[in-house]
There are 2 protein chains.
Amino acid sequence: MDSTVATRLQQFIQTKGLRNTPQRDAIVEAIFSSDEHFTADELWDRIRKTQSKSSRATVYRTISLLVEAGLLHEIDLGDDQKTYDPNFIDSPAHNHLVCIDCGKVIEFEDDNIRLLNDCAARRLGFRASKQSLKIEACCEALRLHGRCDNLIEARIQGKRLPKHR
Amino acid sequence: MDSTVATRLQQFIQTKGLRNTPQRDAIVEAIFSSDEHFTADELWDRIRKTQSKSSRATVYRTISLLVEAGLLHEIDLGDDQKTYDPNFIDSPAHNHLVCIDCGKVIEFEDDNIRLLNDCAARRLGFRASKQSLKIEACCEALRLHGRCDNLIEARIQGKRLPKHR
DNA sequence: GTTATTGCAAATGATTTGCACAAGG
DNA sequence: CCTTGTGCAAATCATTTGCAATAAC
């Protein structure tokens with residue numbers, strides 16, 4: 001886990017007059033020891049498989065805390081549940097590409113896109129503070145050769161598949 | 001209401017072997033006679049104020065139908081409820097800018113942005129089929145002069161305000 | 001007639017909350 | 001101690017669904 005997370009979280013906790021608890025630590029660890037996106041309940045499952053104990057309510061509450069602290073971002077994957085992304089600390093301005101065949105999510109950064117969006121906002125008389133770009137796309141592999149390797153991988157791993165199509 | 005809607009909806013209904021009903025007509029009319037975004041329950045309220053009658057369930061079912069037909073788009077405004085946008089027929093590739101002060105949503109099109117996103121997808125080995133760009137921003141007016149006209153307007157109209165900030 | 005559609009009320013499922021108890025600082 | 005945090009179970013709230021009645025075509 002990036003030590004930046006620990007530092008920034010400590011700062012947030014201090015400032016707000018909050019406390020350190022083993023449950024919170026375990027949840028934060030579970031989130032930031034991976035770069036995977038997750039829903040609240042997926043995280044709760046992940047926690048249960050460790051030796052540490054936390055109630056579902058605490059998981060929800062900690063997620064809210066981290067979002068408020070700006071360490072975790074809520075993203076829209078077209079899912080019904082809220083999805084969270086722990087990678088905004090390392091890549092503060094990344095975008096998402098979602099494969100409509102297998103649901104795989106690819107993160108990428110692009111300064112030109114960011115800049116162009118910034119300009120668009122300015123032209124409308126605003127100052128952009130946050131951009132969220134999601135591109136839904138199909139892999140050329142599937143279109144050209146009738147197979148999406150990600151799709152097979154996703155099936156094996158039992159991942160949530162997209163509802164579209 | 002754009003006659004394109006009626007035509008495309010008829011086509012969809014025919015193809016799928018569905019039927020025309022006064023409830024459906026009234027809901028479709030309520031949606032496309034305005035360019036406002038709405039949640040399912042806001043729409044249900046709108047319908048209730050007319051002489052036509054529809055149950056809440058039918059409103060939900062009709063919305064799903066229109067989304068499936070591609071006539072209505074589900075968009076993410078960072079809200080907890082799903083928000084729908086009826087303007088994708090007139091502007092098939094528009095983006096959203098949300099004022100973080102008043103929650104006002106501004107729609108805009110930008111071919112350069114669309115093109116750049118397309119390229120980004122291609123570079124990753126994909127073919128983009130849908131782009132969703134949301135820019136959260138604050139108005140310069142508020143930042144420079146301490147007042148956001150949209151905010152006042154929003155308060156008067158009793159609009160849902162953003163949760164952020 | 002046959003099949004899709006409706007309305008109602010009940011079910012669902014994710015998220016939140018009230019409250020009594022536990023435990024940081 | 002004093003206050004925040006936790007766990008549990010109950011509550012909430014948007015959305016979905018089963019079913020009997022209704023209405024397209």
Side-chain angles (χ1 to χ4, degrees), chain A residues 6 9-31 37-48 50-69 72-84 160 163, chain B residues 9-31 37-48 50-69 72 74-84 160 163:
Chain A
L9 180 56
Q10 275 320 304
Q11 185 140 57
F12 185 79
I13 285 180
Q14 303 268 293
T15 311
K16 289 261 178 179
L18 308 178
R19 291 170 186 173
N20 284 303
T21 69
Q23 288 91 334
R24 221 125 71 179
D25 290 345
I27 295 167
V28 171
E29 173 65 24
I31 292 175
H37 301 148
F38 59 87
T39 64
D41 264 23
E42 281 167 3
L43 179 61
W44 156 237
D45 272 343
R46 219 191 280 172
I47 304 277
R48 288 215 277 187
T50 67
Q51 68 298 353
S52 46
K53 298 257 175 294
S54 282
S55 68
R56 185 193 253 103
T58 300
V59 170
Y60 274 92
R61 286 190 271 235
T62 304
I63 288 175
S64 298
L65 198 77
L66 292 168
V67 170
E68 201 192 327
L72 190 62
H73 282 218
E74 196 180 314
I75 59 172
D76 168 45
L77 257 38
D79 225 309
D80 292 325
Q81 291 163 261
K82 293 177 188 165
T83 306
Y84 298 93
R160 285 172 293 139
K163 55 182 176 185
Chain B
L9 181 57
Q10 274 322 303
Q11 185 140 58
F12 185 79
I13 284 180
Q14 302 270 293
T15 311
K16 289 262 178 178
L18 307 180
R19 291 171 185 173
N20 283 304
T21 67
Q23 288 91 334
R24 218 120 80 178
D25 290 346
I27 296 167
V28 171
E29 173 65 24
I31 292 175
H37 300 148
F38 58 87
T39 64
D41 265 21
E42 282 167 4
L43 179 60
W44 156 238
D45 272 344
R46 220 192 279 172
I47 303 277
R48 290 214 276 187
T50 68
Q51 69 295 356
S52 44
K53 297 259 176 289
S54 286
S55 68
R56 184 193 254 105
T58 299
V59 170
Y60 275 92
R61 286 191 271 234
T62 303
I63 288 176
S64 298
L65 198 78
L66 292 169
V67 170
E68 202 193 326
L72 190 61
E74 195 180 314
I75 59 173
D76 168 46
L77 257 37
D79 225 307
D80 293 325
Q81 291 162 260
K82 294 178 187 161
T83 307
Y84 299 93
R160 287 172 291 141
K163 56 180 176 186

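Lettering follows sequence order; numbering is per chain, from 1.
Contacts of B:Gln10 classified as side chain to side chain donor-acceptor pair (under 3.5 Å), with partners at least two apart in sequence or in another chain: B:Asn20.
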Going through the checks in order, is the salt bridge (charged side-chain N to carboxylate O under 4.0 Å, His left out) test met by B:Arg56 and B:Asp41?
CA-CA 8 Å; B:Arg56 184 193 254 105; B:Asp41 265 21; 3.3 Å; yes
Go through the steps for B:Ile47 and B:Gln23 under the test side chain to side chain contact (heavy atoms under 4.5 Å, CB included), then give the verdict.
CA-CA 10 Å; B:Ile47 303 277; B:Gln23 288 91 334; over 6 Å; no
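Across B:Val59 and B:Ala40, no two heavy atoms sit closer than the pair CG1-O, 3.9 Å. Nearest approach of B:Arg19 to B:Ile13, heavy atoms of both residues: N-CG2, 4.0 Å.
Taking 4.0 angstrom as the limit, A:Ser55 places none of its side-chain polar atoms (N or O) nearer than this to OP1 or OP2 of D:dC8. Taking only side-chain nitrogens and oxygens, B:Arg19 never comes nearer than 4.0 Å to OP1 or OP2 of D:dA23.
As rounded to whole Å, 11 Å separates atom C1' of D:dC25 from atom CD of B:Gln14. Note: OH (A:Tyr60) to P (D:dC8) measures 16 Å, nearest angstrom.
Nucleotides of DNA chain C that come within less than 4.0 Å of any heavy atom of chain A span, from the 5' end to the 3' end, C:dA14 to C:dG25.
Among the protein residues, B:Lys16 comes within range of no part of the nucleic acid, since none of its heavy atoms lies under 4.0 Å from any strand. Among the heavy atoms of the strands lying under 4.0 Å from A:Arg24 are primed sugar atoms or P, OP1, OP2 only; no base atom is included.
When the local axes at the two ends of the helix from C:dG1-D:dC25 to C:dG25-D:dC1 are compared, using 5 base pairs at each end, they differ in direction by 30° after rounding to 10°.
For B:Pro22 and B:Ala57, each mapped to the nucleotide of DNA chain D holding its nearest heavy atom, the one lying further toward the 5' end belongs to B:Ala57. If B:Gly17 and A:Ala40 are placed on DNA chain C by their nearest nucleotide, the residue sitting closer to the 5' end is B:Gly17.
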